[in-house]
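This is a predicted model, so every value here is computed, not measured.
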Amino acid sequence: MFQMAFIVRGAVLVLLLAVAVIGHAAAPAELKPEMQEFVQEMVERHGFERRPLERALRLSRFQSAIIRAMDAPSTALPWHKFRARYIDDTRITGGLRFWEKHAQVIERAAAEFQVDPDLIVATIGVETLFGRHTGTFNVFDALVTLAFSYPSRAAYFRGELEQFLLLSRETGLSLTGVKGSYAGAVGVPQFMPSSYRKYAVDFDGDGRRDLRGAVDAIGSVANYYRHFGWKSGTAVLVEVEVDESEIDALLAAGIKPHMTVAEYRKRGVVPQELVADDAKAALFMVETGDGPRYFLGLNNFYVITRYNRSINYAMVVRELADTLRQRRAAATAAQ
């Protein structure tokens, strides 16, 4: 009886330790067929051990809040409401302080990757308020939830789950201890796992690419924009007046630059400031409190949307960048 009790207590202890390490309550014993298929792919493609991966998936926790958040993203708000969340004194003051604190690193990244320094600062400001809010969701749970319980984008998130598993193995990041956004983005710049693996850089020279720190984050944001074709010192967008009879077809063409400014002029789109006629652009509209406003987005605007595929997002990054650059220049001139 004593031996049996010892065995039982030992088994319970092992189970409790396993749950404590993973950090979740146990889920149903059987994996969904698509989870089993995913495990098989990870075993065959990347040499993962089957049983630990199956155990991690079984112990992952479905997050209904993540599904709700995916179905109602803040970027879907009208422009003027979205803007009010990001263009405020807190981000402007915080951005100037962040820039001052990391000035040498930011200037080094701007020079090395040929990306404007204000863009780097503004992106980090919009993403995480300069590292203050990097997310509270368990990234593994988030990616498992979206990979297997969000059909409309399941393929994309299975790819990101795959990348997160590889990232964890490569860097030593805790598989179940990393916190991030509801979509699985991590660190000061909120990189998805695939972007982390492709574009994160060791900018502080310590031998690790750690996006929890500001220095690696600054270099990695600059590297990301460089990869997607940012052209330093050139325009991002220009406001225009439009011919209403042409507008629907032009807006339907999407936000990737595909037509020259000269061609837009011929169709009743009139820039309100100087812009080269041979520059390629895309027409888009945002909703303000006073009605729609129209803009031509140039190459750099499209590059910002590669970070987040939202017109609203690119608009606030651009405006915050402009504001920070102007305020910093004014403060420097006043000294």
Side-chain angles (χ1 to χ4, degrees), residues 11 14-67 69-71 135 137-187 189-202 207-212 216 220 223-224 227-228 306-309:
V14 169
L15 177 60
L16 290 175
L17 285 173
V19 171
V21 170
I22 297 297
H24 305 295
E30 292 301 318
L31 297 178
K32 297 178 180 179
E34 55 268 35
M35 286 184 170
Q36 294 173 347
E37 180 181 344
F38 177 79
V39 169
Q40 184 64 27
E41 290 174 355
M42 295 301 293
V43 170
E44 294 178 353
R45 189 180 302 163
H46 302 296
F48 276 79
E49 294 185 34
R50 182 183 304 277
R51 287 186 179 179
L53 183 52
E54 288 179 339
R55 182 167 62 250
L57 288 170
R58 287 192 183 102
L59 293 171
S60 66
R61 183 177 297 170
F62 171 78
Q63 299 286 339
S64 59
I66 289 174
I67 302 299
M70 289 294 294
D71 287 336
F137 288 91
N138 180 288
V139 169
F140 184 69
D141 281 351
L143 292 173
V144 172
T145 295
L146 293 167
F148 302 108
S149 301
Y150 196 65
S152 64
R153 299 192 65 191
Y156 169 76
F157 284 107
R158 284 181 202 176
E160 291 299 333
L161 177 59
E162 174 185 11
Q163 293 298 312
F164 183 66
L165 288 166
L166 291 168
L167 180 67
S168 176
R169 186 169 70 179
E170 292 165 355
T171 64
L173 284 174
S174 169
L175 182 60
T176 56
V178 178
K179 300 294 185 181
S181 76
Y182 65 81
V186 299
Q190 292 290 275
F191 274 15
M192 292 298 289
S194 60
S195 293
Y196 199 130
R197 294 188 70 224
K198 289 179 184 177
Y199 309 119
V201 296
D202 173 19
R208 298 179 301 131
R209 301 181 302 156
D210 186 357
L211 295 184
R212 294 170 295 186
D216 283 0
S220 298
N223 184 46
Y224 187 98
H227 175 85
F228 283 96
R306 300 309 86 196
Y307 207 106
N308 183 305
R309 297 175 186 243

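- With a 4.5 Å cut-off on side-chain heavy atoms, Ser149 and Lys32 count as touching.
- Contact check for Val186 versus Pro193: no side-chain heavy atoms found under the 4.5 Å cut-off.
- Considering only heavy atoms from C-beta on, Leu146 stays 4.5 Å or farther from Tyr182 through its side chain.
- When every heavy atom of Leu31 is checked against every heavy atom of Glu54, the shortest pair comes out as CD1-CG, 3.9 Å.
- When atom types are taken as modelled, the side chain of Ser168 and the backbone of Leu165 share no donor-acceptor pair closer than 3.5 angstrom.
- Under the rule for a side-chain hydrogen bond (donor to acceptor under 3.5 Å, both in side chains), Ser152 has no partner lying at least two apart in sequence or in another chain.
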How far apart are the C-alpha atoms of Asp216 and Val201, what are their side-chain angles, what is the distance that settles it, and do they pass the side-chain contact (heavy atoms from CB on, under 4.5 Å) test? CA-CA 6 Å; Asp216 283 0; Val201 296; 6.0 Å; no
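- Applying the ring pair (Phe, Tyr, Trp, His ring centres under 6.0 Å) rule to Phe228 yields the partners Tyr199, Tyr224; only residues at least two apart in sequence or on another chain are considered.
- Side-chain atoms of Phe140 and Ser174, non-hydrogen and from C-beta on, never get closer than 4.5 Å to each other.
- Although no hydrogens or angles enter the test, the distance criterion places a donor-acceptor pair under 3.5 Å between the side chain of Ser181 and the main chain of Ala185.
- With rounding to the nearest 0.5 Å, the separation of CD in Gln63 from CG in Leu143 is 11.5 Å.
- Within the 4.5 Å cutoff, the side chain of Lys179 has heavy atoms near those of the Asn138 side chain.
- The shortest non-hydrogen separation linking Leu211 to Pro189 is O-CD, 3.7 Å.
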After noting the C-alpha distance and the side-chain angles of Phe191 and Ser220, does the key distance pass the side-chain contact (heavy atoms from CB on, under 4.5 Å) rule? CA-CA 9 Å; Phe191 274 15; Ser220 298; 3.9 Å; yes
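- For the pair Val144/Phe62, no side-chain contact is recorded, criterion being any heavy-atom separation below 4.5 Å from C-beta on.
- Judged by distance alone, with hydrogens and angles left aside, the side-chain atoms of Tyr196 form a donor-acceptor pair with the main-chain N or O of Arg209 at under 3.5 Å.
- The two residues Asp141 and Arg61 make their nearest non-hydrogen contact at OD1-N, 3.0 Å.
- Applying the salt bridge (charged side-chain N to carboxylate O under 4.0 Å, His left out) test to every pair with at least one member in residues 151-169, sequence neighbours left out, gives these pairs: Arg45-Glu162.
- Residue pairs meeting the salt bridge (charged side-chain N to carboxylate O under 4.0 Å, His left out) criterion with at least one member in residues 190-202, sequence neighbours excluded, are Glu170-Arg197.
- Annotation: side chain of Ile67 is in contact with side chain of Thr145 (closest heavy-atom distance under 4.5 Å).
- Residue Gly180 comes nearest to Val139 through the heavy atom pair N-CG2, 3.5 Å, listed as atom of the first residue, atom of the second, then distance.
- Residues meeting the side-chain hydrogen bond (donor to acceptor under 3.5 Å, both in side chains) test with Asp210, sequence neighbours left out: Arg208, Arg212.
- With sequence neighbours left out, the ring pair (Phe, Tyr, Trp, His ring centres under 6.0 Å) criterion links Phe148 to Phe38.
- Considering only heavy atoms from C-beta on, Gln40 comes within 4.5 Å of Arg50 through its side chain.
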